[in-house]
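To start, the structure under review is shown below, and the notes come after it.
Excluded from the calculations below are hydrogen atoms, water molecules and symmetry mates; all remaining heavy atoms, backbone and side chain alike, are included. When a residue number appears, it is its place in the shown sequence, counting from 1.
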Amino acid sequence: MKIHTLPGYIQHIYLAEDSEGLLLLDGCSRADVDKVCLYITSTLGRPLSDLRLIVVTHMHPDHAGGAMRLRERTGAQVASHPKAAAWYKGLGGRTAHIIDLLLTWWVADRVGKAKESIWYNPILAPDILLKDKQALPIFTNWQVLYTPGHTDHDLSVMHVPSKQAYIADVLVKVKGKLVPPYPLCHPNQYRESLKTLAQSSIDTFFCAHVPPTAKSDIDFEHVIDNAPVKPKNHWHSSKNRIKKKLFGFTKDH
């Protein structure tokens, strides 16, 4: 098994290659679709049909935005957690989707990328639903890990023989330090997810926004101890700003 790393629009893209074909470890963004297809055909010299499975770890634009378009172009199946399809449902969900698209452009601008089309259908229609600890279909050496916290449906995937895992946005880096992601919608579940990863047999972690990192270089206990105890997301941030404007303080302070 070999993992190819591609520079995505605002994140790392990981494409696993083995005897079963190609496995995309996340759905990337709409802006990455052409890049992934070109890499498969030109760099790897393989037909697009060799991409057999796309895992959507969660529904944010840089993780789900390219999944359905890649399915159309390659015939690959799309797999996600059962809760993923409902993440952006309803008026609140649609509003959050628009905010997340704007945040993606903001991050792109921060890293010197031009504004590209990143719109995608906020309601995912996966072919396969994944459960905690099951083996991935087709790629049975990969195991699913349910690691919620960033959202209610985050998935990580572990290649059991090599003890490597892709954990998407479970950890990000700010000012050189590994920290929880934003938003953090479920702090208690997040801590449990970190404990699961810390106690696992994984030796190397691949993240969407952090270079591959050895387990020995991650101070899980420090991240757990310093993780927020209350949700940090668009709604809570906006609510706290309003309270601060009106009353000069928030309940969190």
Side-chain angles (χ1 to χ4, degrees), residues 3-16 23-36 51 53-71 74 76-89 93 96-108 111 113 116-130 136 142 144-158 165-173 180-186 190 193 197 205-212 233-234:
I3 296 179
H4 302 273
T5 305
L6 291 69
Y9 187 47
I10 64 166
Q11 82 294 343
H12 303 302
I13 301 169
Y14 298 106
L15 183 66
L23 163 66
L24 191 61
L25 298 182
D26 221 338
C28 58
S29 77
R30 175 176 172 174
D32 297 314
V33 171
D34 288 342
K35 176 177 287 188
V36 171
L51 180 60
L53 185 65
I54 302 163
V55 176
V56 172
T57 62
H58 61 288
M59 283 300 297
H60 289 154
D62 51 331
H63 299 269
M68 304 310 286
R69 286 176 178 267
L70 282 167
R71 182 174 73 177
T74 68
Q77 293 184 298
V78 173
S80 73
H81 189 272
K83 293 182 180 179
W87 182 247
Y88 287 130
K89 280 191 173 180
H97 183 237
I98 292 170
I99 293 172
D100 288 337
L101 290 167
L102 294 174
L103 285 173
T104 301
W105 274 333
W106 180 82
V107 173
V111 298
K113 297 288 185 70
E116 296 192 34
S117 177
I118 55 173
W119 175 265
Y120 63 105
N121 189 336
I123 305 301
L124 190 70
D127 304 290
I128 299 165
L129 299 179
L130 300 173
L136 282 181
W142 290 83
V144 177
L145 299 174
Y146 179 46
T147 50
H150 183 41
T151 71
D152 65 357
H153 58 277
D154 295 79
L155 295 178
S156 298
V157 283
M158 174 186 177
Y166 173 65
I167 61 172
D169 284 353
V170 173
L171 291 170
V172 299
K173 187 170 281 189
Y182 178 87
L184 188 66
C185 298
H186 301 279
Y190 178 71
S193 295
L197 295 174
F205 293 89
F206 291 79
C207 303
H209 304 282
V210 181
N233 55 34
H234 315 320

ask   = Does any non-hydrogen side-chain atom of His150 lie less than 4.5 Å from one of Pro181?
value = yes
query = Between CG of Leu25 and CD1 of Ile167, what distance do you get to the nearest 0.5 Å?
reply = 12.5 Å
message = If I take atom CG from residue Asp32 and atom CD from residue Glu116, how far apart are they, to the nearest 0.5 angstrom?
response = 8.0 Å
query = Would Gln11 and Asp169 count as having a side-chain donor-acceptor pair, cut-off 3.5 Å?
reply = no
request  = Find out whether Tyr88 and Leu124 are in side-chain contact, i.e. whether some heavy atom of one side chain is under 4.5 Å from a heavy atom of the other.
outcome  = no
task = State, to 0.1 Å, how close Tyr166 and Ala208 come at their nearest heavy-atom pair, and which atoms those are.
result = OH-CB, 3.6 Å
inquiry  = Run the side chain to side chain contact (heavy atoms under 4.5 Å, CB included) test on Thr104 and His60 for me, step by step, so that the C-alpha distance in whole Å, both residues' side-chain angles and the decisive distance to 0.1 Å come before the verdict.
reply    = CA-CA 9 Å; Thr104 301; His60 289 154; over 6 Å; no
Single hit among Val55, Leu53, Leu70, Leu6 for side-chain contact (heavy atoms from CB on, under 4.5 Å) with Leu24 = Leu70
query = Hey, does the side chain of Lys113 reach the backbone of Tyr9 with a donor-acceptor pair shorter than 3.5 angstrom?
reply = yes
ask   = Going by heavy atoms in the side chains, are Pro122 and Trp119 under 4.5 Å from each other?
value = yes
remark   = The reported gap from CG in Leu155 to NZ in Lys83 (rounded to nearest 0.5 angstrom) is 11.0 Å
inquiry  = Would you call the rings of His58 and His153 parallel, tilted or perpendicular, taking 30° and 60° as the class edges?
reply    = tilted
message = Using a 3.5 Å distance criterion without hydrogens, assess whether the side chain of Asp26 forms a donor-acceptor pair with backbone atoms of Cys28.
response = no
ask   = Within the distance-only criterion (no hydrogens, no angle test), does the side chain of Tyr190 pair as donor or acceptor with the backbone N or O of Val170 below 3.5 angstrom?
value = yes
message = Could you measure the distance from the CD1 atom of Ile99 to the CH2 atom of Trp106? Nearest 0.5 Å is fine.
response = 14.5 Å
ask   = Is it true that a side-chain atom of Thr147 and a backbone atom of Ser193 form a donor plus acceptor pair closer than 3.5 Å?
value = no
inquiry  = Could you measure the distance from the CG atom of Leu145 to the CG atom of Leu130? Nearest 0.5 Å is fine.
reply    = 11.0 Å
message = Do Tyr14 and Pro212 make a side-chain contact, defined as non-hydrogen atoms from C-beta onward lying under 4.5 Å apart?
response = yes
Nearest heavy atoms of Pro61 and Tyr120, plus distance in Å = N-OH, 3.2 Å
inquiry  = Could you check whether any side-chain heavy atom of Cys185 comes within less than 4.5 Å of a side-chain heavy atom of Trp87, counting everything from C-beta outward?
reply    = yes
task = Check the angle between the aromatic planes of His209 and His63 and answer parallel, tilted or perpendicular using the 30° and 60° thresholds.
result = perpendicular
note = Residues Pro82 and Leu129: closest non-hydrogen pair is CA-CD2, 3.9 Å
Ser80 side, atom OG; Asp154 side, atom CG - distance, nearest 0.5 Å = 11.5 Å
task = Would you check if Asp127 and Arg71 make a side-chain contact, meaning some heavy-atom pair closer than 4.5 Å?
result = yes
query = Do the side chain of Asp62 and the main chain of Ser29 share a donor and acceptor less than 3.5 angstrom apart?
reply = no
ask   = For the ring pair Phe206 and His12, is the centre-to-centre distance below 6.0 Å?
value = no
